Amino acid sequence: MEQQGTNNFLRTIIADDLENGRVSDIVTRFPPEPNGYLHIGHAKSISVNFGLAEEFGGRCNLRFDDTNPEKESQEFIDSIQEDVRWLGFAWDGEVRFASSYFQQLYDWAVYLVEQGLAYVDDLSPEEAREYRGTLTEPGKNSPYRDRSVEENITLLTFMKAGEFEEGSRVLRAKIDMASPNMNLRDPILYRIRKVAHHQTGTDWVIYPTYDFAHGQEDAIEGITHSICTLEFEDHRPLYDWFIENLPVHSRPRQYEFGRLNTSYTVTSKRKLKQLVDDAVVSGWDDPRMPTIAGMRRRGFTPTALRHFCDMVGTTRSDGVVDVAMLEHAIRDDLNANAPRGMCVLNPLKVVLTDFAEDQLEVVTAPAHPSREDLGERQLPVTRELYIDADDFRESANKKYKRLVLGKRVRLRNAYVIEADEVIKNAQGEVIEVHAHTVPNTIGNDPEDGVKPKGVIQWVSASKGRQATVRLYDRLFDHEAPDKGDHDFMAHINPESLTVIQQAWIEPALAQAAPEDNFQFEREGYFVADRFDHSSEAPVFNKTIGLRDTWAQRGEGAS
RNA sequence: UGGGGUGUCGCCAAGUGGCAAGGCACCGGGUUUUGAUCCCGGCAUUCGCAGGUUCGAAUCCUGCCACCCCAGCCA
């Protein structure tokens with residue numbers, strides 16, 4: 001068992017349980033409700049549950065907690081499975097569904113009624129709320145609380161048979177209406193919902209609540225460590241109450257950890273949906289979304305996401321992780337593994353006056369500065385090239401390490417060139433630079449000893465290809481967009497997306513397959529769009545920029 | 001105001017009575033055909049606060065304070 005990241009309380013608990021024989025193998029589960037897309041927070045939960053099972057040689061189930069058909073759908077079941085697989089995890093056996101345990105759950109509900117531990121309540125939702133009391137005042141017993149077992153059985157049978165209207169009755173556990181823990185004030189076990197279920201169709205008109213279902217599902221599957229987030233801590237006494245009062249065959253235990261929050265991000269389902277509905281983003285998989293599908297399309301990798309989850313650790317405290325840590329994880333993986341390429345985002349034509357019109361020279365460049373196994377690529381050098389307009393100035397101070405009129409610069413992987421002349425349009429803007437190559441400078445420094453001050457990327461104007469490049473930035477320009485009294489929509493970063501229709505890419509990049517990651521040198525990491533990219537019409541998404549200490553010092557203005 | 005939690009560097013986080021790991025961020029310096037990477041160095045006399053126990057405490061005790069969660073027939 002290999003341990004990633006630092007030690008944490010869950011590892012300690014599991015190691016102890018294994019050592020003292022409480023369990024012989026650990027079984028965990030990732031239990032999403034199929035009512036939305038998975039996001040970065042779920043990635044953490046997936047990483048914790050599957051990761052722990054992997055680490056301790058156990059198993060992890062994927063179980064859809066589908067107890068509320070009104071909000072769920074097959075679309076989400078499909079996307080969730082795809083996301084978990086993409087992250088690189090394999091669940092044990094078949095996918096599980098809480099709905100496949102509905103009959104067992106119902107039988108256990110009958111058992112509870114027979115034991116005098118559950119009753120059918122006729123209170124309306126409004127009345128029930130009044131009877132429940134408040135945080136500081138105890139609740140009071142429902143007048144229907146002391147019905148006979150026989151009457152309760154009859155009523156429950158009728159509920160199941162669809163004899164009652166939605167909301168008219170519920171099945172409740174008989175625990176303690178005066179408990180300081182609200183969850184123990186006779187919690188609801190079943191409610192009437194006359195809607196079809198995506199898995200069970202119209203078989204049922206009553207559906208179990210989360211509380212009545214979750215622990216029993218865990219017991220049925222032999223889950224040893226049921227790991228959830230902190231807000232369920234108050235439910236644990238109820239979780240245990242069911243396990244103790246029902247004839248279940250295994251004893252799962254619940255443990256809670258703190259949810260993952262990252263700065264500059266919102267993850268509430270409601271807010272993500274609003275971003276989609278208001279067309280702030282193009283969909284749930286928009287590269288700016290913190291959804292797994294969005295991050296995937298952005299060019300994040302499973303390796304980076306898993307590393308990030310290990311980096312932040314698993315604790316019982318809730319904090320906000322700096323997105324810079326996520327960005328570091330992405331850069332770390334991509335720097336090591338992404339092939340390099342050259343792309344000019346803001347083209348400025350350079351004419352090499354010592355090259356003939358039809359002259360073509362091909363230089364070979366490594367795909368990666370230190371990964372020989374990634375191979376090489378061919379770069380055509382022609383008379384007309386494009387460089388980035390930001391990489392040329394007519395005059396500049398000594399700190400500027402790019403091309404300046406009358407000075408030299410290294411074309412990455414190719415010649416050192418010297419700028420001789422600028423051509424301007426009627427508005428006085430530079431539209432072309434004439435330059436010449438310094439002899440014998442491919443792989444060598446200039447023989448006259450005058451070294452260029454910098455290196456810039458370039459693309460052949462005649463052999464290069466045009467591409468669409470989408471530059472993404474943080475969706476929010478506030479570190480805590482949904483905190484405080486303001487509306488999170490007010491903190492949308494107006495420059496979160498810039499589309500460049502006519503960027504120039506070196507020929508080899510057009511051959512990229514969708515989802516191939518690259519580093520466009522001096523610009524950042526980019527990915528060929530999963531859906532829109534093709535060799536004929538290349539489309540790249542910016543994943544994350546290179547670390548830029550130049551811009552950080554406020555000296556990067558061009 | 002009832003119950004349940006959490007408080008260690010700007011952020012995340014080890015540490016479980018023996019004298020404050022690590023990562024991110026940041027700040028130097030070196031290497032560099034990416035102002036990237038990489039390398040070297042710096043960055044908590046102090047662990048929410050106040051008392052107490054002890055030769056010795058972030059770790060034990062007492063009392064405060066701050067923040068988070070709970071009053072869905074959501075999960």
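Proteins get letters first, then strands, A, B, ... in listed order; numbering begins at 1 in each. It should be emphasised that the depicted structure is a prediction, and the values quoted were computed from it without experimental measurement.
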(request) Go along nucleotides 8-18 of chain B 5' to 3' and tag each nucleotide: B for a protein heavy atom under 4.0 Å from its base, S when only backbone or sugar atoms are that close, - otherwise. (result) ---BSSSS---
(request) If a protein heavy atom is under 4.0 Å from the base, mark B; if only from the sugar-phosphate, S; if neither, -; do that for nucleotides 69-75 of chain B going 5' to 3'. (result) BBBSBSB
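The distance between atom OH of A:Tyr525 and atom P of B:U34, rounded to the nearest whole Å, is 13 Å. Across the protein-nucleic acid pair, A:Leu546 atom CG and B:C38 atom P stand 11 Å apart, rounded to whole Å. The distance between atom CG of A:Asp332 and atom C1' of B:G22, rounded to the nearest whole Å, is 15 Å. Rounded to an integer number of Å, the gap from A:Arg402 CZ to B:U34 C1' is 11 Å. The distance from atom CZ of A:Arg236 to atom C1' of B:G3 is 13 Å, rounded to the nearest whole Å. When the C1' atom of B:G3 is taken as reference, atom CG of A:Leu238 falls 15 Å away, rounded to whole Å. A:Phe257 has its CZ atom 15 Å from the C1' atom of B:G5, to the nearest Å. Rounded to an integer number of Å, the gap from A:Asn337 CG to B:U37 P is 16 Å.
Across all strands shown, A:Ile442 has heavy atoms under 4.0 Å from base atoms, whether or not it also approaches the sugar-phosphate. A:Gly139 comes within 4.0 angstrom of nothing in the nucleic acid, heavy atoms only. Here A:Arg410 lies in heavy-atom contact (under 4.0 Å) with a base.
The residue among A:Arg331 and A:Glu521 whose nearest nucleotide of RNA chain B is located toward the 5' end is A:Arg331. Toward the 5′ end of RNA chain B lies the nearest nucleotide of A:Glu233, the other residue of the pair A:Gln519 and A:Glu233 mapping further downstream.
Nucleotide B:U34 forms no Watson-Crick or G-U wobble pair with any nucleotide shown, as no partner meets the under 3.5 Å limit on both distances. With a cut-off of 3.5 Å on both Watson-Crick or G-U wobble distances, the partner of B:G2 is given as B:C70. The partner of B:C49 is B:G63, judged by Watson-Crick or G-U wobble contacts that both fall below 3.5 Å.
From A:Ile292, atom CD1 reaches atom CD1 of A:Ile40 across 7.5 Å, with rounding to the nearest 0.5 Å.
Relative orientation of the A:Phe232 and A:Tyr210 rings is tilted, given thresholds of 30° and 60° on the angle between their planes.
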(request) For A:Arg522 and A:Asp391, run salt bridge (charged side-chain N to carboxylate O under 4.0 Å, His left out): C-alpha distance rounded to whole Å, both residues' side-chain angles, the deciding distance at 0.1 Å, then the answer. (result) CA-CA 11 Å; A:Arg522 302 210 315 130; A:Asp391 289 338; 2.5 Å; yes
(request) Might you work through the side chain to side chain donor-acceptor pair (under 3.5 Å) test for A:Thr315 and A:Ser317, ending with a clear yes or no? (result) CA-CA 6 Å; A:Thr315 69; A:Ser317 63; 3.1 Å; yes
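When the side-chain nitrogen and oxygen atoms of A:Arg340 are compared with OP1 and OP2 of B:U34, none of them lie within a distance under 4.0 Å.
Figure legend: A:Arg169 and A:Phe164 shown as a cation-pi pair, the cationic atom lying under 6.0 angstrom from the six-membered ring centre and within 45 degrees of its axis.
Near RNA chain B, meaning a heavy atom under 4.0 Å away, the residues from residues 368-376 of chain A are A:Pro369.
Around NZ of A:Lys273, the count of heavy atoms belonging to other residues, nucleotides or ligands within 6.0 Å does not exceed 12.
Residues meeting the salt bridge (Lys or Arg N to Asp or Glu O under 4.0 Å) test with A:Glu233, sequence neighbours left out: A:Arg316. In terms of the side chain to side chain donor-acceptor pair (under 3.5 Å) criterion, residue partners of A:Gln519 (sequence neighbours excluded) are, by chain and number, A:Tyr525. Looking at residues two or more places apart in sequence or on another chain, you find a salt bridge (Lys or Arg N to Asp or Glu O under 4.0 Å) between A:Arg408 and A:Glu418, A:Asp448.
Screening A:Trp108, A:Tyr119, A:Phe212 against A:Tyr190 for a ring-ring contact (aromatic ring centres under 6.0 Å, His included) leaves a single residue, A:Phe212.
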